[in-house]
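These notes concern the structure reproduced below.
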Amino acid sequence: PNILQVKRVVLHSLAHAMLSKLPVYSGLSIDKFSYFYDINENSILIYERCQGGLGASYILTQMQEEKSEPIILDFLVRIRDTLKSCNCDDRCKYCLALSGCPEFNHYLNRFALGPLFNLKTEDLSWGF
C-alpha cells in the first residue's frame with residue numbers, strides 16, 4: 001500500500017474509534033455525530049449533526065472531579081482498552097465498524113491504530 005492508503009486507513013479507523021465512544025460520554029446517540037477526515041492534512045473533524053451543536057464535544061474538555069484530569073484522557077484510554085481487548089481480525093461492531101458509514105466500513109483496521117495508542121502488535125488480541 002502507498003502512504004495515502006495507509007493514512008486513509010489510520011484516519012478513518014481513528015474517526016470510527018472515537019465516534020464509537022462518544023455516546024458513552026455524551027449520552028447522545030451515535031447518529032447525532034458525523035466525521036470528516038483529510039488525508040492531505042492528516043486530520044479528522046468529528047462534529048455534532050445539530051445546528052449549533054449539543055455540547056457533547058465540550059463535555060470532553062471538562063475535568064473529572066475524582067481524578068483532576070480532563071475527561072478526554074479517560075475517553076482516549078477507553079478507546080485504547082477497546083482496541084487492545086477486542087479479538088476481531090481487524091474491525092468489528094465492538095471496536096470500529098459503525099452503522100451508516102458512507103464508506104461501508106472499508107478502510108478500517110484496528111491494528112493500524114496501535115502506534116497512536118502506544119500498543120505493540122503483540123499487545124493486541126487476534127481473532128484466531
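The first residue in the sequence is number 1, and the count goes up from there.
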Task: Which atom of V9 lies closest to which atom of A112, heavy atoms considered - done: CG1-CB, 3.9 Å
- [ ] Examine Y107 and M18 and state if one hydrophobic cluster contains both, with Ile, Leu, Val, Met, Phe, Trp and Tyr joined whenever side-chain heavy atoms are less than 4.5 Å apart.
- [x] no
Open item on the list: If I compare all heavy atoms of L11 with all of I39, which pair ends up nearest, and what's the gap?
Closed with: CD1-CA, 3.8 Å
Task: NZ (K32) with more than 12 external heavy atoms under 6.0 Å - done: no
TODO: Considering only NZ, NE, NH1 and NH2 on the basic side and carboxylate oxygens on the acidic side, decide whether E103 and R8 come within less than 4.0 Å.
DONE: yes
- [ ] For E41 and D38, indicate whether the former's side chain and the latter's backbone hold a donor-acceptor pair under 3.5 Å.
- [x] no
Task: Parallel, tilted or perpendicular, as decided by the 30° and 60° cut-offs, for the rings of Y35 and H12 - done: tilted
TODO: Work out which heavy atom in R110 is nearest to a heavy atom in C95; give both atom names and the distance.
DONE: CD-SG, 3.6 Å
- [ ] Taking the side chain as every heavy atom from C-beta outward, state whether N105 and L96 have any pair of such atoms under 4.5 Å apart.
- [x] no
Open item on the list: Main chain of S34, side chain of R49: is a donor-acceptor contact present, judged purely on distance under 3.5 Å?
Closed with: no
Open item on the list: Test your reading of the model: is there a side-chain donor-acceptor pair from E48 to the backbone of G55, 3.5 Å cut-off?
Closed with: yes
TODO: Please report the shortest heavy-atom distance between S29 and P23, naming the atom on each side.
DONE: C-CG, 4.3 Å
Open item on the list: Taking L4 as the starting point, is it possible to reach L113 by hopping between hydrophobic residues whose side chains are less than 4.5 Å apart?
Closed with: yes
Open item on the list: Main chain of K120, side chain of D123: is a donor-acceptor contact present, judged purely on distance under 3.5 Å?
Closed with: yes
Open item on the list: For Y25 and F75, take the angle between the two ring planes, folded into 0 to 90°, and tell me which bin it lands in: parallel under 30, tilted 30 to 60, perpendicular over 60.
Closed with: perpendicular
Task: Whether S13 side chain and V10 backbone form a donor-acceptor pair below 3.5 Å - done: no
